[in-house]
Amino acid sequence: MTAHGDQTRTENRGLVEMGSGHWLDALLGRTPRRPAALAAPPAGSALEPVPGDRGLPFIGMGVHTVRYGPAFLLALMRRHGPVSWWRAFGRKVVAVSGPEAVQVVLANRDKAFASGWPAVIGPWFDGGLLAMNAPGHLADRRLVQAAYGEEALDGYLRTMAEDVEERLDRWPVGRRFRLVDAARELSGQITTRAFLGVPHEGVGRKVVDAAEECIRAETALARVRVPGTLWHRAHRARTWLVRYLHQALPDARARAGEDFLSVLSRVDGFTDRQVALHALFTVIASHDTTTAATLASVYFLGKHPAWQERARAESAGVAPRDAAGVDRLTTLDLVVRESIRLVSPSPVLMRVAVKDTDVLGHHIPAGQLVSVCTGVNQLMPELWSRPDRFDPGRFDEDRAEDRGHRLAWAPFGWGAHKCIGMRLGMLKVKATVDALLRRYEWSYPESYEAPWRFTSLPAPADGLPTVLRRI
């Protein structure tokens, strides 16, 4: 039941439907779809062309993608089926949605798909697992896995927990502030010591600032290395980051510390440059995705005070300093899982077809960019009861809606490219929110709905104004 007893009311409308009454929504609603087939299938193949929308010249449906995220892709699936296409800023993109279509691409049994991330976000992750393909991906993944064992995770978590405890005490109380900015800064502050073994003040801040230059460039339309552009600044930042990490390795290896760089530097089989590139990917990816997950969790806890109180009661008097301790926060685990179901930090996975292939009988030509829409699966009423509703109990053992299909809930991907840092990311988010619960309480008006926008990663466009109160 909703707060008003109306089970037909859409709760998180902006996450599952396009349009909220804003003037921009009315304008976008008048965008011509201009239906068209993507490409003609080979003669005699019995395959069907991929249906879709061209939208406006060049812009296509690109603004819809940024404004509505998975809600736009859900509407595209409803209109054209689980394999469709749309144009965004001059690029044609195939969307595969629904568990069957997603499984075909991620299983990749005929080796027809490779990572499409470099074509979308740029070269910032080159040399990291996200941008790699077989057989190099599998070989490097096995080596990197050594830095994600339970003992290593406990070491990272101890450091992050110490920093979270100290930093949260500095947050403003009793006055409104932008939680998006504060959460992003907090993530950077607790990343540098746990991941690189350096304090945030000084070189740590420079590392985070350089990483954010790369993150901002992921959505740049002007991709030319002209001084003053996002693209140019990001290339300079990445060059500095690789050089810094490479030069930091001898000290990291010698100190035999608990930070990620030190642990990874002691793995046999990597060159120093490979270690630097994998560390660079980890710093950038973990910083932004965990910020998005933390924001979603804090937002929904503020909208649902009963769940906030239940999670706080479980956290009371507990300051978990290892993974086992965090794992005992079962209510918080339900909350975070449900939060990233509704607002997935990575609602799509990008692939590119390396040869002509098909998905569910639809022809995909070689070279075609494919968006694997895991975030759509997490909003489908065919897979979830009242998917618009914030309902952490759906992850309880007695309901287990996430187990209805292996790809119903896949915020970390699936298959060979499933996020290697999934457990570390969840631990970081839960440790942060747990520390927040033990200090503060907060709420958002019933009428308020965060205006989520989907650029490189989802975040409320208004900064999520928040007032904390000490408990």
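Residue numbers start at 1 and run along the sequence shown. Worth saying up front: this structure is predicted, and the values here are computed from it rather than measured.
Here the two rings, on Phe260 and Tyr148, have centers that are under 6.0 Å apart. The six-membered or imidazole ring of Tyr440 lies away from that of Trp171, with a centre-to-centre distance of 6.0 Å or more. In this structure, Phe300 has its ring center at least 6.0 angstrom away from the ring center of Trp442. Note: Trp452 and Tyr68 fail the aromatic proximity criterion, with ring centroids not under 6.0 Å apart.
No salt bridge links Glu11 with Lys303; every basic N to acidic carboxylate O contact stays at or beyond 4.0 Å. Look at Glu150 and Arg423 and you find a salt bridge, because one of the NZ, NE, NH1 or NH2 atoms lies within 4.0 Å of a carboxylate O, short of that distance. Using a cut-off of 4.0 Å between Lys/Arg side-chain N and Asp/Glu carboxylate O, Arg87 and Asp53 are scored as not salt-bridged. A salt bridge links Glu397 with Arg403: the distance from a Lys NZ or Arg NE/NH1/NH2 to an Asp or Glu carboxylate oxygen falls below 4.0 Å. Using a 4.0 Å cut-off between a side-chain N of Lys or Arg and a carboxylate O of Asp or Glu, Arg78 and Glu382 qualify as a salt bridge. Between Arg184 and Glu212 there is a salt bridge, with a side-chain nitrogen of the basic residue lying less than 4.0 Å from a carboxylate oxygen of the acidic one.
Proximity of Arg67 to Asp25: side-chain heavy atoms (C-beta onward) are separated by under 4.5 Å at one or more points. No side-chain heavy atom of Lys92 sits less than 4.5 Å from a side-chain heavy atom of Arg54.
Looking at Asp140 and His278, their side chains do bring a donor and an acceptor atom within 3.5 Å of each other. For Asn133 and Ser115, the side-chain atoms include no donor-acceptor pair closer than 3.5 Å.
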Start with the C-alpha distance between Trp414 and Thr374, add both sets of side-chain angles, then the distance that settles side chain to side chain contact (heavy atoms under 4.5 Å, CB included), and finish with yes or no.
CA-CA 9 Å; Trp414 181 79; Thr374 53; over 6 Å; no
The test is side-chain hydrogen bond (donor to acceptor under 3.5 Å, both in side chains); show your working for Asn377 and Ser97 and say whether it passes.
CA-CA 7 Å; Asn377 293 4; Ser97 305; 5.7 Å; no
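Results of the salt bridge (charged side-chain N to carboxylate O under 4.0 Å, His left out) test with Asp391 over Arg399, Arg386, Arg337 single out Arg399 as the only residue that passes.
Here side chain to side chain donor-acceptor pair (under 3.5 Å) pairs that include residues 154-163, with residues two or more places apart or in two chains, are Arg158-Glu258, Glu162-Arg193, Asp163-Arg193.
Taken to the nearest 0.5 Å, the CG atom of Leu379 stands 6.5 Å off from the CZ atom of Arg341.
Within a 6.0 Å radius of CZ in Arg406, other residues, nucleotides and ligands contribute 12 heavy atoms or fewer.
When all heavy atoms are compared, the tightest approach of Leu332 to Glu314 is N-OE1, 3.7 Å.
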